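Working notes for the structure below.
All figures in this text were calculated on a predicted structure; none of them were measured in a lab.
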Amino acid sequence: MSGKDYPHGKATALLAYALDIESQGTIERKLLYRLVDEVCEDETERARLVSYLSTTQSPQLPRVILELLGTRLDRIRNELETADDMDAIYGVWGQRTAGGAILASVGFVVTGVLTGGWGVLAIGTGLAAGGGTTYGRDRLRKRARASRREVEQAERLIESIKNNMPKAG
């Protein structure tokens, strides 16, 4: 989806789809969720969405949008938890195992069990394993940080919409 697909903006398109969400065949769920993601990731589109919802005459529209945003929030929280779990399980234990391999190989070299090229190979392999594990952990942490930012953005957007919802009256 590009800006050309939605000449009036993605927030406007999302509102149009939300108004027509009960109709059959308006938009695939996957495409709708992608549109929600794109609106949430763009500062201008988020501002437009809040502005449009604060002036809407439809009491249901903000609720439908909040439901879509809540679904996105659940999905990205799950991604965050998965990244945190993978870091805690594979990252930490991988680094511990690599550290143990380095210590063992140094111990073998110092005690003379491994000498020459075999000693260098053993230490080098341990260092390579440690470096690979550290690189993998860094990628997991970056993914977790990105998910954390997405969660915070979605929470702020939901709160902003709730605070600006037209009051029944």
>> Could you check whether R75 pairs with D37 (Lys NZ or Arg NE/NH1/NH2 to Asp/Glu carboxylate O, under 4.0 Å)?
In response: yes
>> Counting neighbours of CZ on R139 that are heavy atoms of other residues, nucleotides or ligands and sit closer than 6.0 Å, is the number greater than 12?
In response: no
> Rounded to the nearest 0.5 Å, what separation is found between the CG atom of L49 and the OG1 atom of T12?
Replying inline: 9.0 Å
> Can V36 be reached from L31 by stepping across I, L, V, M, F, W or Y side chains whose heavy atoms are under 4.5 Å apart?
Replying inline: yes
> Between CG of L19 and CG of L61, what distance do you get to the nearest 0.5 Å?
Replying inline: 4.5 Å
> Are V120 and I123 co-members of a hydrophobic cluster defined by side-chain heavy atoms under 4.5 Å apart?
Replying inline: no
> Donor-acceptor pair, N164 side chain versus S160 backbone, under 3.5 Å?
Replying inline: yes
> Are the side chain of R46 and the backbone N or O of C40 linked by a donor-acceptor pair below 3.5 Å?
Replying inline: yes
> Is there a path of hydrophobic side-chain contacts, each under 4.5 Å between heavy atoms of I, L, V, M, F, W or Y residues, that connects M86 with I89?
Replying inline: yes
> Can you tell me how far the CD atom of E152 sits from the OG atom of S147, to the nearest 0.5 Å?
Replying inline: 11.0 Å
> Less than 4.0 Å between a side-chain N and a carboxylate O, is that true for K10 and E38?
Replying inline: yes
> Is R156 salt-bridged to E159, going by a charged N under 4.0 Å from an acidic O?
Replying inline: no
> Do the charged groups of D84 and R148 touch, with an N to O distance under 4.0 Å?
Replying inline: yes
> Closest approach of R29 and L68, non-hydrogen atoms and distance?
Replying inline: NH1-CD2, 4.4 Å
> So do the side chains of L14 and E45 get within less than 4.5 Å of each other, counting heavy atoms only?
Replying inline: no
> Out of L157, V151, I158, which one pairs with E155 under the side chain to side chain contact (heavy atoms under 4.5 Å, CB included) rule?
Replying inline: V151
>> Could you measure the distance from the CD atom of Q95 to the CD1 atom of I102? Nearest 0.5 Å is fine.
In response: 10.0 Å
> Are the side chains of E150 and L73 in touch, meaning some heavy atoms are under 4.5 Å apart?
Replying inline: no
>> Does T82 form a side-chain contact (heavy atoms from CB on, under 4.5 Å) with R143? I'd like the steps, not just the answer.
In response: CA-CA 10 Å; T82 300; R143 201 169 91 203; 4.3 Å; yes
>> How close do V39 and A11 get, counting heavy atoms only, and between which atoms?
In response: CG2-N, 3.8 Å
> Is T56 reaching over with its side chain to a backbone N or O of Y52, donor-acceptor style, under 3.5 angstrom?
Replying inline: no
> Looking at A154 and I76, what are the two nearest heavy atoms and their distance?
Replying inline: CB-CD1, 4.1 Å
>> Is there a continuous path of hydrophobic side-chain contacts, each under 4.5 Å between heavy atoms, that joins I65 to L32?
In response: yes
>> Treating S51 as the side-chain partner and A47 as the backbone partner, does any N or O pair qualify as donor plus acceptor under 3.5 Å?
In response: no
> Quick one: does T133's side chain get under 4.5 Å of Y90's, heavy atoms only?
Replying inline: no
>> Check whether T115 reaches the backbone of G112 with its side chain - one donor and one acceptor, N or O, closer than 3.5 Å.
In response: no
> Knowing that exactly one of R34, R72, R149 qualifies, which makes a salt bridge (Lys or Arg N to Asp or Glu O under 4.0 Å) with E41?
Replying inline: R72
> For the hydrophobic clusters of this structure (ILVMFWY residues joined by side-chain heavy atoms under 4.5 Å, transitively), does one cluster hold both L127 and V110?
Replying inline: yes
> Closest approach of G91 and R137, non-hydrogen atoms and distance?
Replying inline: CA-CG, 3.3 Å
> Which atoms form the tightest heavy-atom contact between G126 and A101, and what is the distance?
Replying inline: CA-CB, 4.4 Å
